[in-house]
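See structure below.
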Amino acid sequence: MSQLTTTEIVLPGIVEPEALQIRDRRLAPPAAGQALVRVEATGVSFAEQQMRRGKYYDQPPFPFTPGYDLVGRVEAVGPGTDPSLVGSRVAAVTKIGGWATAALVDAADLVPVPAAVDPAAAETVVVNGVTAWQMLHRRAKVRPGGTILVHGASGGVGSTLTQLARHHGIRVVGTASPRHHDTLRALGAEPLAYRSPDLAAQARSLSPRGYDAVFDHVGGPGIVDSWRLLAPGGTLVSYGTAATRDVAGNARLPVLALFARLLWWNALPNGRGATFYNLWAGRRNRAAFQARLREDLTQVFALLADGSLTAQVAARLPLRDAAAALRLAESGTVAGKVVLIPSL
Ligand SMILES: NC(=O)c1ccc[n+]([C@@H]2O[C@H](COP(=O)([O-])OP(=O)(O)OC[C@H]3O[C@@H](n4cnc5c(N)ncnc54)[C@H](OP(=O)(O)O)[C@@H]3O)[C@@H](O)[C@H]2O)c1
């Protein structure tokens, strides 16, 4: 096999996006169980906004290559690894390492991408699709006819969750900045502005009996309203602490404080549930974790392939413009996912 190199983006420390670095690095040939993936699309997730501030719950030490997920073609596999993978288009949730032209990924973490699906479109539903699917169908288990409140329905996860819910016959009230309310309407959601001082009252008036599930990635004081807005038997799915992205201090404390609050609510004998969704939960049982992720992402890809889901591509930028991509994602001006394309 010829010499393998990758061009990758490096996050050197707590820096502004412009301080991201680009480097070439030699890759070892894929080891047993590994695949070499030529990256066709990766993207900016909220996690990278937190990581560059040192605020992601379990980020690795600096320096490292960010990139929560990727879509690409398998170029080679290691010894004893299914050779039929070579040439196929695949996706993986990597947490880090996706912002590169090539990556070594455990073959068991790869999920096939339907041939008809554009790599950038597929990219928008990798981590976002798994997260949205699992929160809706494995955690909240809302039935058709139910009503949910999705905070940040214009974002990568939120726009996917909104579409999955609408596809399942669920009514969606979504929060976003007013500039994104037309996008929400196009996705089939009823929009509310999360900065409205009377957001909770507005949400209540749209569903007086409450919500069968509230999806909250914000945390902070507003999560009390998310809890109070639940209908009898409803579930609060908390899955982030975006409110503390810019707050100095320990990255873990806000998460631990949130856990404590959810545990307390969950223990109350009132028929409502509160849970924290973490995509990585259960990964100690690796085979079961991988099987679940593969099963769920495969269902999301099938919905993308048959047109039930529409990819929310906010912008496509070259990989080398990762700094601009991160700035754009952080600007709050775009809806959906900012996608990085190494071949541009
Ligand atoms: N727990 C897990 O396993 C897991 C997995 C994946 C993602 N996440 C979390 O999911 C969240 C979304 O990630 P993403 O990549 O989809 O981010 P994203 O694309 O940057 O979207 C962020 C969304 O949040 C909205 N928003 C900003 N401030 C808000 C506020 N105060 N109240 C309500 N909404 C607000 C934005 O709305 P506008 O742009 O309209 O202002 C946008 O819709 C992040 O918090 C991330 O950490 C968690």
Side-chain angles (χ1 to χ4, degrees), residues 42-51 53 55-59 66-69 93-95 98 123-136 138-139 149-163 173-185 187 189 191-197 199-200 203 214-223 225-226 237-247 251 254-255 258-259 262 275-283 289 293 296 312-315 325-339:
T42 175
V44 183
S45 296
F46 191 81
E48 285 90 35
Q49 302 184 27
Q50 294 174 306
M51 287 178 185
R53 293 167 170 84
K55 297 290 286 184
Y56 185 79
Y57 185 79
D58 60 351
Q59 68 188 70
Y68 218 96
D69 56 9
V93 183
T94 51
K95 190 185 284 189
E123 161 55 31
T124 65
V125 299
V126 183
V127 63
N128 293 338
V130 172
T131 301
W133 179 277
Q134 295 189 338
M135 291 198 299
L136 184 67
R138 292 194 183 270
R139 282 303 169 87
L149 177 62
V150 176
H151 282 297
S154 54
V157 174
S159 60
T160 308
L161 175 57
T162 297
Q163 293 188 75
V173 174
T175 72
S177 299
R179 60 156 66 93
H180 294 141
H181 284 189
D182 282 346
T183 302
L184 264 58
R185 288 187 194 96
L187 297 175
L192 292 175
Y194 56 75
R195 287 200 186 86
S196 293
L199 171 63
V214 177
F215 298 87
D216 188 308
H217 65 298
V218 186
I223 198 151
D225 285 331
S226 293
V237 183
S238 164
Y239 67 109
T241 54
T244 59
R245 185 194 71 179
D246 296 311
V247 177
V255 184
L258 179 63
F259 286 174
L262 296 172
T275 180
F276 189 87
Y277 168 80
N278 172 11
L279 183 151
W280 301 104
R283 69 182 176 282
F289 174 83
L293 192 149
D296 296 347
Q312 301 299 305
V313 181
L326 191 48
R327 276 280 178 228
L328 183 62
E330 293 195 16
S331 70
T333 59
V334 290
K337 182 142 189 170
V338 177
V339 177

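One-based numbering along the sequence shown. This is a predicted model, so every value here is computed, not measured. Ligands are counted one by one from 1 in listed order, and the atoms in each one are counted from 1 as well.
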Heavy atom of the protein closest to [atom] (residue, atom name, distance):
| atom | value |
| --- | --- |
| atom 21 (O) of ligand 1 | Gly155 CA, 3.3 Å |
| atom 8 (N) of ligand 1 | Tyr239 CD1, 3.7 Å |
| atom 3 (O) of ligand 1 | Leu279 N, 2.8 Å |
| atom 23 (C) of ligand 1 | His217 NE2, 3.8 Å |
| atom 13 (O) of ligand 1 | Phe46 CB, 3.4 Å |
| atom 2 (C) of ligand 1 | Tyr277 O, 3.7 Å |

Closest to atom 38 (P) of ligand 1 (judged by heavy-atom distance), picking from Gly43, Ala132, Ser154: Ser154

Taking [X] for the side chain and [Y] for the main chain, is one N or O donor matched with an acceptor at less than 3.5 Å?
| X | Y | value |
| --- | --- | --- |
| Lys55 | Val247 | yes |
| Arg245 | Phe46 | no |
| Asp296 | Gln134 | no |

[X], any N or O under 3.5 Å of ligand 1 N or O:
| X | value |
| --- | --- |
| Gly240 | no |
| Ser177 | yes |
| Ala329 | no |
| Val44 | no |
| Thr131 | no |
| Gly156 | yes |
| Tyr194 | yes |

With Thr94 via side-chain contact (heavy atoms from CB on, under 4.5 Å) - residues at least two apart: Leu70, Ala92

Test applied, side chain to side chain contact (heavy atoms under 4.5 Å, CB included); reference residue, Gln59; option that passes from Lys95, Glu48, Met51: Met51

Identified side chain to side chain contact (heavy atoms under 4.5 Å, CB included) partner of Gln312 from the options Thr160, Val334, Leu187: Leu187

Location of contacts on Val157 toward ligand 1, heavy atoms closer than 4.0 Å: both

Listed partners of His217 passing ring pair (Phe, Tyr, Trp, His ring centres under 6.0 Å), at least two apart: Tyr239

Where ligand 1 meets Ala176 - atom numbers and elements under 4.0 angstrom, heavy-atom basis: 40 (O)

Where ligand 1 meets Gln49 - atom numbers and elements under 4.0 angstrom, heavy-atom basis: 20 (O)

